[in-house]
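Since the structure comes first, as structure tokens, the remarks are kept for the end.
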Amino acid sequence: MKIFVLLFLFLLAGPAFAQHSAADFTTSDIAALESKSAGLRTTAAGLRVMASNNFDVKYYRCEWEVDPAVNYIKGNVTPHFVMSAAGNSVTLDLSVALTVTAVQQRGSNVAFSHADDALTVTLQNPLAQGVQDSVTISYEGTPTAVNAAFVVTTHGPSATPVLWTLSEPYGSRDWWPCKNGLDDKADSLDIYITHPATYKAASNGLLKSETPVAGSKIRTHWKHRYAIASYLVAIAVTNYNVLDTSVLIGGTNVPFKTYCYPESQVNFQNGVQNALNAMVQFSSLFGDYPFKNEKYGHVQFGWGGGMEHQTCSFMVNMAETLIAHELGHQWFGDKVTCGSWQDIWLNEGFATHLASIYLEAKYPANIKITRINEINSITSAPGGSVWVDNVNDVNRIFSNRLSYLKGSHLLYMLRWILGDATFFTAIYNYINDPALAYGYVSTANLKSHLETASGKDLTYFFDQWFTGQGYPSYQVEWFPAGNSVQVKLGQTQSHASVSFFRLPVPLLFRNANTNQEKLVVLNHTSNGQFFAENLGFEATEVVFDPEVWLITRNNTLTKSLGPLPVTFSKFHAECRGTGVRLSWQTTEELHADRFEIIAGKDARHWETIGTVPAKGNSKGINDYFFEVESALNYGYYRIKEYDADGSTQETRIVAAQCGDAVPVKIYPNPVPDYFIMEGSFASVLPDKAPLRTIKVYDMNGNQFWLEQVAKNGNTHTFDARPLPPGLYFVASGSGQIVLKLWKR
């Protein structure tokens, strides 16, 4: 499945314009609107979740009576639940601004208490763990205006009444009894809304009926049969015009239903095609639209942004970026929902990124300037983590700079590090994991899928970019040496929480006279690191991160007037009995202080085994030697050079397997798509383990598993296609390196 291809212009009607409408929101606009409004909606006192954790809600039956001209709600809510622990009571969240008139269990009234936004229901009899039951809560009242989760206002030139709800993050309790936390999705719900017959009522799921009732009213029934978090339940009532269309997703014709104010019909009608295009695009990348057996649609409301209510995003208008952002939430936020507000980036960072994916495919000319503007916003302050360090501050949860933009650009950097093919495979697996789909997720779940798909340990990345704060600034010193270039790469950090940001750094070298150019990617693993690259032409200029993948700021590019301090021209290791003789040669050795000899048994774990003083300032050729008397504990070597100012550079890794011979051989080597291992496999297997896969490492310690595809006696054929070109090391069951292979 080619889920990594991002060119979806064939989906988009009309020509590919250079830019989208000036009236459209940017991703920063959406984040700012949502962040500001969330802060106005919720007070610090409203951040508590009072519901008990001794029951698991399976289903809600919601029966409400409302009039958009009157700020009042009356109804019955029946949660069906299974006891997760034995008990004689259950507690739900419900604002004390609403009056509970009765609670019934199996048709009989039961005792309850309602205080401090907690509704505690005393059950008829204690229930054991695993027992299923239900209670019906009858209540009414005027919802509190403090958090603005239940809004009655007007729209249009005639000031037509309109009612709508918006419950994220903690507002559901303000208008209905529920479990208001991020730990219990209901498997399904039915919503019955009784309202004046002159209006239409919109909500989650499928419209099942609109039935006249006494008193010039209609009872509208919506049915939803997917797991749903309480904050994603919503209703809206006014004189809506209803627009119907559909889109084919995965062989299913998905209804597309739009509820808009009559005065806004042209705007909403014109935006529908963009939504249909985005749905096809996102379905191709992440799997079919998650609620395709019901519907998707837009519901106009009066707040200055959007809200991703499940199957029906509430929208202020049909701005193109807003459409893509809220639709993206149906996958990231609704299908999988952050299990803690500390992880809100799993909702908002992803939705922001999906909007960028949509816009970059349609308006490629805007890619670079948009990324630059967003990174300028992210780096406008020196600190701040994507991980939310204070969930009692809604403005912090919905931070434009951190949860939305920095969260989105963490995904850009993961795409850059892993490659789009691996990244999108990982995200597809994450959102379609049966253990996670339609449930709650954490950053650890995402990290696990990224590591599984890539074979890389990404702990360092999430330590630096998720819980860590700030960003790096790079100091690039470069010197053209004929058709090659020498680079010294330094880094400073904007915040003390991260001492070094480990990233592959892209530099684009050019010759302005010949129009030649080459992108060089430097694997930056230590400060002051030195690199030498063959370009095939003489560079006259360099561009830092030309496609803007990295979160960084205040970078400097300095062309050196002379060669950089040290150039290694040779480095060899040769066996001498059970010992090893290391030899290396330098040229242009300026300001060098010493050489540190580093050895390891597996090319991943290293120790210093000696030092050799440098000859210092020398423009000639300098030869060095170091004898390793007993090399049985080592097999891999490199030299680390220290300048007088403390900066360093390292040689490539060389291997010297001395002493006992490795009883396995690999051929062909260099390896094409497949290779054969032949010999005694005791050294490459755990005790008595069958040979089905082997573990290999690249020079940075990243782990890969290769599958066996054939066996003939003592020869085993393995599939090397997952490996990028380069040097790899085959590990034994104990972790010791026993072989090396080159992938062509």
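- Note on ring orientation: taking the six-membered ring where Trp is involved, the planes of Tyr289 and Phe291 are perpendicular (angle over 60°, cut-offs 30° and 60°).
- Between Ile427 and Phe423 there is a side-chain heavy-atom pair separated by less than 4.5 Å.
- Ring orientation note: the planes of Tyr430 and Phe332 are close to parallel, at an angle under 30° on the 30°/60° scale.
- Within the 3.5 Å criterion, the main-chain N or O of Gln469 finds a donor-acceptor partner in the side chain of Ser497.
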Stepwise side-chain contact (heavy atoms from CB on, under 4.5 Å) test for Thr370 and Leu359: CA-CA 10 Å; Thr370 300; Leu359 293 171; over 6 Å; no
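- Taking the six-membered ring for Trp and thresholds of 30 and 60 degrees, Phe286 and Phe424 have ring planes inclined between 30 and 60 degrees apart.
- Between Tyr474 and Phe544, the two ring planes are tilted [angle within 30° to 60°].
- Between Phe501 and Trp465, the distance from one ring center to the other falls under 6.0 angstrom.
- Between Phe466 and Phe462, the ring planes lie perpendicular to each other; the angle is over 60°, past the 30° to 60° tilted range.
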I would like to know whether Glu326 and His309 meet side chain to side chain donor-acceptor pair (under 3.5 Å); could you show each step before the answer? CA-CA 9 Å; Glu326 304 306 339; His309 297 132; over 6 Å; no
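- At least one side-chain heavy atom of Leu410 sits less than 4.5 Å from a side-chain heavy atom of Ile551.
- Aromatic ring centroids of Tyr471 and His495 lie 6.0 Å or more apart.
- Looking at Leu507 and Val487, their side chains come closer than 4.5 Å, going by heavy atoms from C-beta outward.
- One finds a salt bridge joining Glu360 and Arg371 here, because a Lys/Arg side-chain nitrogen approaches an Asp/Glu carboxylate oxygen to under 4.0 Å.
- Pairing each heavy atom of Leu232 with each of Glu308, the nearest pair is CD2-O, 3.6 Å.
- Of all non-hydrogen atoms in Tyr438 and Pro290, the two that sit nearest each other are OH-O, 2.6 Å.
- Under a 3.5 Å cut-off, the side chain of Asp673 and the backbone N or O of Arg721 do not form any donor-acceptor pair.
- A distance-only check finds a donor-acceptor pair linking the side chain of Trp416 to the backbone of Pro504 [under 3.5 Å].
- The shortest side-chain heavy-atom distance between Val336 and Leu346 does not fall under the 4.5 Å cut-off.
- Ring orientation note: the planes of Phe398 and Tyr404 are tilted relative to one another, at an angle of 30° to 60°.
- For Arg553 against Asn376, the heavy-atom pair with the smallest separation is NH1-O, 3.2 Å.
- The neighbour count for Glu547 CD, taken as heavy atoms of other residues, nucleotides or ligands under 6.0 Å away, does not exceed 12.
- A distance-only check finds a donor-acceptor pair linking the side chain of His524 to the backbone of Leu489 [under 3.5 Å].
- Both the sub-6.0 Å distance and the 45° axial angle are not jointly satisfied by Arg396 relative to the ring of Trp341.
- Here the side chain of Ser313 pairs no donor or acceptor atom with the backbone of Leu327 at under 3.5 angstrom.
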Take Glu650 and Gln529 through the test side-chain contact (heavy atoms from CB on, under 4.5 Å) and record every step on the way to the result. CA-CA 7 Å; Glu650 295 179 359; Gln529 199 171 354; 5.5 Å; no
Is there a side chain to side chain donor-acceptor pair (under 3.5 Å) between Tyr363 and Glu320? Walk through the geometry before answering. CA-CA 12 Å; Tyr363 308 108; Glu320 196 165 10; 2.7 Å; yes
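- Gln464 and Arg502 make their closest contact through OE1-N, 3.0 Å (heavy atoms, listed as atom of the first residue, atom of the second, distance).
- Here the shortest heavy-atom pairing between Leu182 and Tyr440 reads C-CZ, 3.7 Å.
- No hydrogens or angles considered: a donor-acceptor pair under 3.5 Å links the side chains of Thr443 and Asp343.
- At a threshold of 4.5 Å between non-hydrogen side-chain atoms, the residues Leu503 and Trp549 do not count as touching.
- Between the side chains of His325 and Glu348, at least one donor N or O lies within less than 3.5 Å of an accepting N or O.
- Residues Glu477 and Gln475 have side chains that never bring a donor and an acceptor to within less than 3.5 angstrom of each other.
- The backbone N or O of Thr492 lies less than 3.5 Å from no partner atom in the side chain of Ser473, so there is not a single donor-acceptor pair.
- The nearest pair of heavy atoms linking Leu402 to Val386 is O-CG2, 4.0 Å.
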Audit row: Lys406, Ser385, side chain to side chain donor-acceptor pair (under 3.5 Å) steps and yes/no: CA-CA 8 Å; Lys406 191 172 183 182; Ser385 62; over 6 Å; no
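- Side-chain atoms of Ser377 never come within 3.5 Å of backbone atoms of Asn373 as a donor-acceptor pair (strictly under, hydrogens ignored).
- Within the 4.5 Å cutoff, side-chain heavy atoms of Trp606 are placed close to those of Arg638.
- Asn277 and Lys362 share no donor-acceptor pair across their side chains, judged by distance under 3.5 Å alone.
- No donor-acceptor pair under 3.5 Å is formed between the side chain of Asn429 and the backbone N or O of His449.
- Applying the side chain to side chain contact (heavy atoms under 4.5 Å, CB included) criterion to Thr452, with sequence neighbours excluded, gives Ser448.
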Start with the C-alpha gap between Ser442 and Asn445, add the side-chain angles, then the distance that decides, and say whether side chain to side chain donor-acceptor pair (under 3.5 Å) holds. CA-CA 5 Å; Ser442 67; Asn445 297 139; 3.2 Å; yes
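- Aromatic ring orientation, Phe350 versus Trp345: tilted (interplanar angle from 30° to 60°).
- Using a 4.5 Å heavy-atom cutoff, the side chains of Leu706 and Leu723 are in contact.
- Judged by distance alone, the side chains of Lys518 and Asn534 never bring a donor and an acceptor atom under 3.5 Å apart.
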side-chain contact (heavy atoms from CB on, under 4.5 Å) for Lys447 and Thr459? Distances and angles first, verdict last. CA-CA 8 Å; Lys447 175 176 176 285; Thr459 301; 3.2 Å; yes
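- A heavy-atom distance below 4.5 Å is found between the side chains of Ile344 and Glu168.
- Here the side chain of Lys185 pairs a donor or acceptor atom with the backbone of Gly439 at under 3.5 angstrom.
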